[in-house]
Amino acid sequence: MSEELEPRYDTKEVEERIYRLWEKSGFFSAEGGSASGGNPDKRKPYCIIMPPNNANGLLHMGHAVGLTLQDILIRFWRMRGRKTLWLPGADHAGFETQVVFDKKLDKEGRNRFAMSREELWKEIWDFTQENKKKMYEQTKKLGASCDWSRETFTLDPKIIETVYETFEKLYKDGLVYRDLKVINWCPKHRTALSDLEVKYVEREDPLYYIKYGPLTLATVRPETKFGDTALAVNPKDKRYTKYIGKEIEVKGILGLLKFKVVGDEAVDPKFGTGVVKVTPAHDATDFEIWQRHKNEIPGLKIIINEAGKLTGEVGEYAGLKVAEAREKIAAKMQELGILEKVETNYKHQVATCYKCGNTLEPLPRPQWFVKMKPLAEPAMKAVKTGKVKIHPKRSEKVYSHWLKNIRDWNISRQIVWGIRIPAWFCISCGESKINAKIKSKWFIIRHGETDWNKEFRMMGKEDIPLNEAGRKQAHEIAKKLKAYNIDLIIASDLLRSKQTAEAIAKETGAEVIFDKNLRERDVGKWQGKLRDEIEQEHGKDVWKMWRDYSFDIAGGESWAGLEKRVWESFSGHKSAHSHRNIAIVTHGGVIRMLRKRIRNLSPDEAMDIRGLENTGFIELDISERCNKCGGDLYEQDPDVFDTWFSSGQWPFATLLKSGSSKSKVKNQKLKIRSDFETFYPTDVMETGYDILFFWVARMVMLGLYRTGKVPFKDVYLHGLVRDKDRQKMSKSKGNVIDPLGVADIYGTDAVRMALVVGNTAGNDIVISEDKIRGYRNFATKIWNVARFVLMAADERGLNAEKHGKSRRGLVLSKEDEKDLAQLKKIQSQVTKHIEKFEFHLAGGKIYHYVWHTFADKIIEASKPRLSGGNSKDAEAAYFKLETILIESLKMLHPFMPYVTEEIFQKFRPEKMLIVEKW
RNA sequence: GCGCGCUUAGCUCAGUGGUAGAGCGACUCGUUUACACCGAGUAGGCCCGGGGUUCGAUCCCUCGAGCGCGCACCA
């Protein structure tokens with residue numbers, strides 16, 4: 001053996017080669033055998049589920065910390081002979097990804113609200129898949145020894161299936177319910193947020209004292225005035241008891257109003273004047289006051305819309321943003337003399353969106369909620385009894401405190417990207433059904449554009465062909481429908497509809513039948529006329545008449561007549577074809593009438609043309625008949641789950657439906673135990689303390705609920721990564737250290753070590769390039785120690801085979817025995833530290849030992865013996881050095897896997913350090 | 001308002017019931033064939049303040065100051 005080592009360790013070459021070697025060895029997989037040898041299935045399991053990283057960007061230092069700590073644990077326990085599973089995954093990260101993607105769209109001058117669900121989904125899907133691929137490459141570069149054969153994405157069918165089962169179980173147990181509440185609404189992202197996603201920031205705003213008849217009240221939100229439905233005072237407040245139950249007359253901006261005064265405990269007599277206005281639609285507290293006084297006062301009066309603009313009965317302020325309206329209204333109140341005073345510099349907490357910082361608008365909206373109290377109880381107990389231990393221990397208090405005060409969890413999100421909520425609503429009566437069995441899907445589609453559409457010319461039953469735009473639209477919708485296995489197309493036989501249907505048939509291969517009863521409303525003598533022409537002839541009011549349900553156009557049809565005709569046709573098709581997936585291609589007027597019948601709309605509501613642009617469509621699901629009304633037409637909730645609802649199930653969802661081999665045989669019991677049986681409860685959950693509530697607490701709750709067992713026994717929380725000046729790393733500050741970038745320069749091992757040593761659980765992690773450089777130097781040190789030992793071996797004429805021969809016949813000096821005893825002690829200390837999650841102590845200890853004891857003292861002391869004349873003594877000295885080196889490599893391996901494996905193989909080419917016995 | 005932390009060498013942080021340690025930085029010396037990505041050495045700390053428990057506290061208790069964070073429907 002005279003393999004020369006370069007004086008410097010070439011990280012890049014070694015890292016690539018060694019990682020491939022490990023992958024090829026199969027030792028990453030749970031089935032991959034280990035140091036203990038023997039029957040792998042007898043080994044005690046050890047499992048970590050990797051927190052699925054968001055597939056919307058690249059890895060940063062925080063990820064590197066997590067991956068390093070997990071890899072240390074996994075490598076350690078693998079070397080200790082456990083059957084280890086470290087299951088990697090990625091998260092679709094619903095809202096977070098949507099936000100990232102919105103920014104991307106914005107840069108491209110696009111907007112998701114102008115995109116169809118399918119289109120948006122597909123683009124984000126591709127985007128996340130691309131990111132996922134890159135992220136996994138990075139994970140590998142960091143040396144993660146995870147089981148890639150079990151990689152899971154949060155949108156894998158088996159995960160969605162499990163999430164749906166849980167949702168249904170919760171629903172059946174009464175732990176999930178749909179309710180109308182005032183929820184946190186972000187006007188920018190146009191979705192509801194959970195309470196955890198609200199960031200309260202202190203702001204200074206004027207506090208307006210407004211006269212309400214004989215009373216005066218203080219508010220920061222005068223613009224919600226128009227939504228007031230009552231006034232409230234504390235029932236114990238003697239100043240106002242005489243008003244309770246009375247109606248008072250109030251001078252408002254839009255005239256005189258009458259409000260009832262109610263007594264409610266929620267009112268703090270000490271705040272402002274002790275009187276509040278009740279605006280149930282736009283304030284959660286007020287909503288609750290209304291709930292408590294439902295019989296006395298009117299309910300929701302919505303005056304702010306989803307874009308955060310005033311709407312409804314707000315006079316001239318309609319269309320203004322809340323902030324603009326506030327100023328104008330304040331001025332107006334001043335003018336009217338109803339503004340008593342303004343307290344400036346009033347400090348209060350304002351709810352903002354944690355992502356964009358915009359002020360949230362409380363809006364009433366029906367959403368799905370999880371009832372938390374019954375889930376929180378067992379979760380608290382699990383920690384209290386030590387079934388789940390959190391490191392650092394103090395986090396257990398934080399955890400319990402949060403669970404104690406927990407409120408119901410809104411899991412509905414109004415975005416496309418996510419797991420769609422498996423709730424269907426009966427279209428005629430609104431009854432909900434979870435995980436409905438859908439027999440077939442029906443699409444009612446409007447034809448593509450014609451030139452007459454563009455000119456606003458009445459078409460009626462005239463045969464007008466599609467124009468170029470219309471043909472394109474037809475092609476687009478056809479492509480979209482392809483995904484739904486359309487069996488049959490039923491179309492109006494008018495040319496524009498016919499052509500649209502044929503385009504769909506061409507793409508889907510479905511059969512087409514034509515039905516003249518699906519023709520557009522017969523507009524009689526108006527046919528072929530321009531809108532302006534009709535207006536000139538009949539006056540401006542003609543359109544009111546035109547919209548009238550029973551108005552007959554001379555020579556044509558009334559809406560009522562149309563409705564009768566198309567409903568008969570639709571019903572006939574439904575009884576004949578309800579089991580088939582069908583596309584009905586027809587006209588705007590027809591769709592309005594069908595929609596009116598299906599949804600029980602009033603004639604006025606039926607005139608709403610939203611969603612009925614050319615090739616716009618409505619989607620219907622046909623399921624078993626509704627228990628309540630007997631209808632069989634359903635519509636799925638368009639909302640998706642809060643991502644944390646699905647990732648909260650991650651530990652069991654990843655294991656539940658995966659066998660331990662790919663030989664899954666349908667309808668047959670798995671011969672081998674499933675992963676769930678083998679590895680659940682998992683051993684450790686390692687993640688950042690910032691998601692203790694978001695994720696950890698929810699995993700405990702949902703894990704206990706679904707499986708009856710805790711999802712993991714230990715939780716290790718790492719801190720936020722900061723730069724050397726304690727600043728949070730952020731792109732805008734430009735102080736971000738890219739883990740892969742520095743790994744490229746200094747080596748992965750150095751980065752890993754720098755992230756571990758000196759950092760404790762729950763405390764923020766300070767990293768600097770200087771520190772990484774320090775551990776790069778350490779890697780070089782180890783390398784040179786190995787070089788020295790190898791050179792000493794050369795001098796002894798030892799080749800690879802002779803390395804590690806037994807100590808028999810060797811005469812060890814007292815000093816040698818002492819050194820070896822110290823090594824043993826270090827080993828046991830390092831072992832204990834890792835077992836107790838004290839990675840910083842373990843890493844620090846071994847660093848110090850290798851450098852300042854082994855290299856500086858022991859090696860130095862051995863030099864005269866190695867080159868001295870006494871060959872027996874030199875042998876002994878060499879033996880000791882090699883022993884300490886090999887054992888040190890083992891101890892270091894979880895921390896610095898690459899350099900240790902590389903050196904180890906110089907000494908034991910037939911073995912691999914990754915599975916050496918610890 | 002309630003809760004949780006932190007305060008130790010110039011900087012960033014470990015740590016222990018018996019008056020302290022690492023990394024980086026500073027200074028001095030050293031061209032010793034494992035390593036200058038090194039070695040030998042030096043300087044530098046009323047371990048936030050007051051009180052208490054203790055033979056003894058930086059460490060335990062208590063009060064306080066400063067800083068950070070989390071939770072909370074005060075309009």
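Below, chain A is the first sequence line, B the second, and so on; all start at residue 1.
- In the set B:rG23, B:rC38, B:rC35, B:rC38 carries the atom at the smallest distance from any side-chain atom of A:Trp851.
- Between the P atom of B:rA14 and the NE2 atom of A:His833 lies a distance of 15 Å, rounded to the nearest Å.
- A donor-acceptor contact under 3.5 Å links the side chain of A:Arg776 to the base of B:rC37.
- In the set B:rA34, B:rA14, B:rA72, B:rA34 carries the atom at the smallest distance from any side-chain atom of A:Phe788.
- Remark: B:rA40 base-pairs with B:rU28. Criterion, Watson-Crick or G-U wobble with two distances under 3.5 Å.
- Comparing B:rU12, B:rC35, B:rC4 by their closest approach to the side chain of A:Arg787 singles out B:rC35.
- A distance-only check finds a donor-acceptor pair linking the side chain of A:Lys771 to the backbone of A:Val757 [under 3.5 Å].
- Put simply, CG on A:Asp690 is 11 Å from P on B:rC71, counting in whole angstrom units.
- For the pair A:His848 NE2 and B:rG23 P, the interatomic distance rounds to 7 Å; values are reported in whole Å.
- The phosphate of B:rA22 (OP1 or OP2) has no side-chain N or O of A:Lys845 nearer than 4.0 angstrom.
- Not a single donor-acceptor pair under 3.5 Å links the side chain of A:Ser400 to the backbone N or O of A:Lys397.
- Contact annotation: A:Thr760 side-chain N/O to B:rA14 OP1/OP2 distance is under 4.0 Å.
- Taking the six-membered ring for Trp, A:Phe895 and A:Tyr847 have ring centres at least 6.0 Å apart.
- OP1 and OP2 of B:rC73 both lie 4.0 Å or more from every side-chain N or O belonging to A:Asn184.
- If you check every strand for non-hydrogen atoms under 4.0 Å, A:Tyr9 touches nothing.
- Remark: A:Val398 engages A:Leu692, A:Phe693 in a side chain to side chain contact (heavy atoms under 4.5 Å, CB included) (not counting sequence neighbours).
- Contacts of A:Glu288 with the nucleic acid, taken as non-hydrogen atoms under 4.0 Å apart, are absent.
- At a cut-off of 3.5 angstrom, counting only N and O atoms as typed in the model, there is a donor on one side and an acceptor on the other between the side-chain of A:Glu860 and the base of B:rA34.
- Taking side-chain N and O atoms only, A:His348 has no distance below 4.0 Å to OP1 or OP2 of B:rC73.
- If you check every strand for non-hydrogen atoms under 4.0 Å, A:Arg394 touches sugar and phosphate atoms only.
- A:Lys277 comes within 4.0 angstrom of no nucleic acid atom, judged by non-hydrogen atoms across all strands.
- The two residues A:Val899 and A:Ile782 come nearest to each other via the heavy atoms CG1-CD1, 4.5 Å.
- Here A:Tyr346 lies in heavy-atom contact (under 4.0 Å) with sugar-phosphate atoms only.
- Judged by Watson-Crick or G-U wobble contacts below 3.5 Å, the nucleotide B:rA34 has no partner.
- At the phosphate of B:rC38, OP1 or OP2 sits under 4.0 Å from a side-chain N or O atom of A:Asn777.
- Taking atom C1' on both B:rU31 and B:rA40, the two are 15 Å apart, rounded to the nearest angstrom.
- Looking at A:Asn759 and A:His718, their side chains never bring a donor and an acceptor atom within 3.5 Å of each other.
- Within 4.0 Å (heavy atoms only), A:Phe693 reaches sugar-phosphate atoms of the nucleic acid but no base atom.
- Distance noted for atom C1' between B:rU53 and B:rC11: 36 Å (whole Å).
- If you measure from atom NZ of A:Lys199 to atom P of B:rA72, you get 13 Å, rounded to the nearest angstrom.
- Closest to the A:His401 side chain, of the nucleotides B:rA75, B:rG70, B:rG15, is B:rG70.
- Using a 4.0 Å heavy-atom cutoff across all strands shown, A:Asp286 reaches no nucleic acid atom at all.
- When heavy atoms are screened at a 4.0 angstrom cut-off, A:Val275 is found touching no nucleic acid atom at all.
- Neither OP1 nor OP2 of B:rC11 sits under 4.0 Å from any side-chain N or O of A:Lys771.
- The six-membered or imidazole ring of A:Phe226 lies near that of A:Tyr317, with a centre-to-centre distance under 6.0 Å.
- For the pair A:His718 NE2 and B:rA14 C1', the computed distance is 19 Å after rounding to whole Å.
- A donor-acceptor pair is defined here as one N or O able to donate and one able to accept, closer than 3.5 Å; no such pair exists between the side chain of A:His282 and the backbone of A:Glu361.
- Distance check on atom P: B:rG64 versus B:rC74 gives 25 Å, rounded to whole Å.
- Using a 4.0 Å heavy-atom cutoff across all strands shown, A:Leu692 reaches no nucleic acid atom at all.
- A:Ala779 comes within contact range of no nucleotide atom at all, as no heavy-atom separation falls under 4.0 Å.
- Using P as the reference atom, B:rG50 and B:rU8 are 16 Å apart when rounded to the nearest Å.
- Nucleotide B:rG68 forms a pair with B:rC4, judged by Watson-Crick or G-U wobble geometry with both contacts under 3.5 Å.
- Counting non-hydrogen atoms under 4.0 angstrom, A:Ser395 reaches nothing in the nucleic acid.
- Counting only heavy atoms from C-beta on, A:Lys781 has its side chain closest to B:rC35 among B:rG23, B:rA72, B:rC35.
- Counting any heavy atom pair closer than 4.0 Å across all strands shown, A:Asn759 reaches no nucleic acid atom.
- Residue A:Met791 places its side chain closer to B:rU33 than to any other of B:rA14, B:rU33, B:rA75.
- Across all strands, A:Asn405 comes closer than 4.0 Å to no nucleic acid atom at all (heavy-atom distances).
- Backbone-only contact: A:Lys397 has heavy atoms under 4.0 Å from sugar-phosphate atoms and none from a base.
- Closest-nucleotide positions on RNA chain B for A:Ala266 and A:Leu196 were compared, and the one nearer the 5' end corresponds to A:Leu196.
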